[in-house]
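Worksheet: the structure to be examined is printed underneath.
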Amino acid sequence: MLRMKHRAIIPGEGQVTILDQRQLPHKIILNDYTDYRDIITAIKRLEIRGAPAIGIAGAFALALAARAEVKTDVEHMKRIMTDLAEEIKAARPTAVNLSWGVERVLNIAHDFGGDDKQEFQEHLWDEARSILEEDERLCEAIGRNGAALLKDGDTVLTHCHAGALATGGAGTALAVIYAARDAGKKIRVYADETRPLLQGARLTSWELMQEGIDVTLICDNMAGMCMKQGKINAVIVGTDRIAQNGDVANKIGTYTVAVLAKEHEIPFYVASPYSTFDSGQARTGDEIPIEERDAQEVTHIQGVPIAPEGVKVYSPAFDVTPRALVTAYITDKGITPGGRAD
Ligand code: MRU
């Protein structure tokens, strides 16, 4: 099992601890939450982020909500849980894992046959825990499957952060790096800084350094030059949602990297657990809801203004890479070819 130095979310007894990713890499702050509304806030403000991690957090949020309602019986609790689930799912719209995790706990609630409230609450808590534990195994499998695609000495470009802190285990894209390293291969990583919120600079480069991986940080607009100079052998990214036709939503800028990778004939891989495949809602990438974030995330860097006050801003948090630009999907079940012809 890939063992990581830091975890995004740690469940306790009727409480969860979340590592505040907004403070990284400078401070390691752990926040304990017992109220589901605080977890919604933590998801919205990216204290916890990354598709699988917010799915896990959403599952625990619903399990906590069921613990809070002390005056109600199980049947009443079941009735109000659908609304609570919608409230949690609305925290962030793009990553399908959030609704997937919340729905799993909701289904367990509706299937519960007894009337013992404590048993009901524990049942939901156990389901949230099992989602976390399952995600750890999924990361492991993604790593194992993807590692076979990398050769000793390869350099991988990644965008945003798809490591341990974005999941319940070793990550998706970064699990591939860790597994290849553990298989004895020397793998280097180039990490895009990933404006506006700098997940690549703050989280990917930090996590990889913590894990002893050779990482080089670049600004987003340097990726093309690095590819042209022959520095990159493969691109591996995570994803927030894969539509039924294979289109991939991921952090804004991923599409640009995919276009560049095709131009330079560099394989473009998408690493993902089954929980990120949208089985019910989005048939194509056009149907994936794209979150727009506060203008201040563009006009400011870490609270410091960098643009004229009042400037117009467009701030989509994700973009969609068509299946035609994907070489292959690295999943927990194996490698599935994408739509790129070369
Ligand atoms: O806005 P964020 O930081 O939650 O965006 C995260 C990403 O885009 C990740 O690449 C994606 O969730 C995959 S995480 C394994």
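Both ligands and their constituent atoms are indexed starting at 1 by order of listing. Hydrogens, waters and symmetry mates are skipped; everything else that's a heavy atom, side chains included, is used.
- Scored by the side-chain hydrogen bond (donor to acceptor under 3.5 Å, both in side chains) test, Ser275 finds Asn97 as partners (sequence neighbours excluded).
- No side-chain heavy atom of Met227 sits under 4.5 Å from any side-chain heavy atom of Glu263.
- Taking a heavy-atom cut-off of under 4.0 Å, ligand 1 is surrounded by Arg49, Gly50, Ala51, Pro52, Arg92, Cys160, His161, Ala162, Ala166, Thr167, Thr172, Gln199, Gly238, Thr239, Asp240, Asn250, Lys251, Phe318.
- The number of heavy-atom neighbours closer than 6.0 Å to CD of Glu265, taken from other residues, nucleotides and ligands shown, is 12 or below.
- One finds a salt bridge joining Asp278 and Arg241 here, because a Lys/Arg side-chain nitrogen approaches an Asp/Glu carboxylate oxygen to under 4.0 Å.
- For Lys78 and Glu75, the salt-bridge test passes: some basic side-chain N is under 4.0 Å from an acidic carboxylate O.
- Relative ring orientation between Trp125 and Phe60 is described as perpendicular, the plane-to-plane angle rising above 60° on a 0-90° scale split at 30° and 60°.
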